[in-house]
Amino acid sequence: MKKSIFFVAILLIITLLVNGCKKNGQTDIPIIAVANYGAHPIIDTTINAFKERLAELGYRDKESIILLWGSVDGNLNLAPQMISGLLSRGPDVMVAITTPISQAVMKRAQGRIPLIFCGVTDPVGAGLVPSWENHPDSGVTGTSDRWPYAEQMDLIRQLLPDAKRVGIPFNSGEANSQYALEQIQALAPDKGFHVITAVATTPADVYKAVDSLVSRGAEVIYTGSDNTVMAGFQSVLKISHERKIPVIVGESATVEQGGLGTYSVNYSELGRSTADLVIRILKGEKPGEIPIVTFKGSRLILNPDAAQRMGVVLNEELLRSAEIVYTQQ
């Protein structure tokens, strides 16, 4: 009995020591854990802006904060293990990038720490928050990259005045993809489009999905905020170049990768706003009392070299109106 009490006492002391030193020996330094889907140009842009904004505000890694990073490299099966590893470090706040990672963090964390999602198209539909205004008891807030879908459809019409069939590859298991598809399907009739779809469950399925769309008469391919399709984007471009099918995308970094063009939100601004939310929470604000951050306005972004490879001519007036024009180096 005495031995049992002794061992329990030792364990208690160890636990107290670990908790007291959990922040690298400095209990006053907040720990910010970032759970990420994987490498992608828009995610990289967002993360870089996030770190830069934290530094601007005086929060530098290993000085006034500790940043912990985790990624599943596009494999969501690894999410539970990755998230558990971050949670075991005792973070003060968790940042989750993309819809599926945010959903996985929410399920795993179960309200134990504040959660800030980043780049989630439809946080209400994804079950992350009860409303765009949020709720005091939710323990969650974040930034949404809800896209200017109407302007993107107008761009397709402007570039391809005679096009009728828009092909959309998507992963039916991603809430953000479902939301984007619903938005486009609602807009399509007034824009004179008929939407056809093909499911890609993994990046390896993307080529087959796009091939199916083209075989069924798609005159243009639209790729939205679907993480699976973005992971397989080179397959989209392969078919596009071979068959001269234009590819309109959802954001700027994918234009730089070879998409023809888009109207896009500013992902640097998204990252900076996410950092602002982190600091507000570290200073004591409750996540559920902060409305979801959305962005107004959009930027026209074009890639003339991609357009040429896809058989589309961009007129000079349109090029002059673009905020960003990517060209091959």
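These numbers were taken from a predicted model, which means no experiment stands behind them.
Counting heavy atoms from C-beta on, the side chains of Tyr37 and Ile97 never come closer than 4.5 Å. Between Val247 and Val249, some side-chain heavy-atom pair lies under the 4.5 Å cut-off. In this structure, Arg299 and Tyr263 have side chains that are not in contact, with every pair of non-hydrogen atoms separated by 4.5 Å or more. Asn176 has its side chain out of reach of Thr98: every pair of non-hydrogen atoms, C-beta onward, lies at least 4.5 Å apart.
Asp92 places a side-chain N or O within donor-acceptor distance of the main-chain N or O of Ile31, the cut-off being under 3.5 Å. Put simply, the side chain of Thr143 never gets that close to the backbone of Ser273: no donor and acceptor are under 3.5 Å apart.
Remark: Arg112 engages no residue in a salt bridge (charged side-chain N to carboxylate O under 4.0 Å, His left out) (not counting sequence neighbours). Partners of Asp122 by salt bridge (charged side-chain N to carboxylate O under 4.0 Å, His left out), not counting sequence neighbours: none found. With sequence neighbours excluded, the residues satisfying salt bridge (charged side-chain N to carboxylate O under 4.0 Å, His left out) with Asp276 are Arg53.
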Acceptor/donor pairs from residues 80-87 side chains to any protein atom, 3.5 angstrom cut, sequence neighbours excluded:
residue : atom : partner : partner atom : Å
Ser84   : OG   : Pro80   : O            : 2.9
Ser84   : OG   : Arg108  : NE           : 3.0
Ser84   : OG   : Arg108  : NH2          : 3.3

Anything under 3.5 Å between a donor and an acceptor, one on a side chain of residues 183-203, the other on a protein residue two or more places apart or in another chain? List them.
residue : atom : partner : partner atom : Å
Lys191  : NZ   : Asp154  : OD1          : 2.7
Thr202  : OG1  : Ala204  : N            : 3.4
Thr202  : OG1  : Asp205  : OD2          : 3.1

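Applying the salt bridge (Lys or Arg N to Asp or Glu O under 4.0 Å) test to pairs two or more places apart or on separate chains, those with a residue in residues 212-241 are Lys238-Glu242.
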Practice task
Would you check, one step at a time, whether the test side-chain contact (heavy atoms from CB on, under 4.5 Å) holds for Asp211 with Lys208?
Solution key: CA-CA 5 Å; Asp211 181 62; Lys208 184 178 179 180; 5.6 Å; no
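Judged purely by distance below 3.5 Å, without hydrogens or angles, the side chains of Glu174 and Thr228 pair a donor atom with an acceptor atom.
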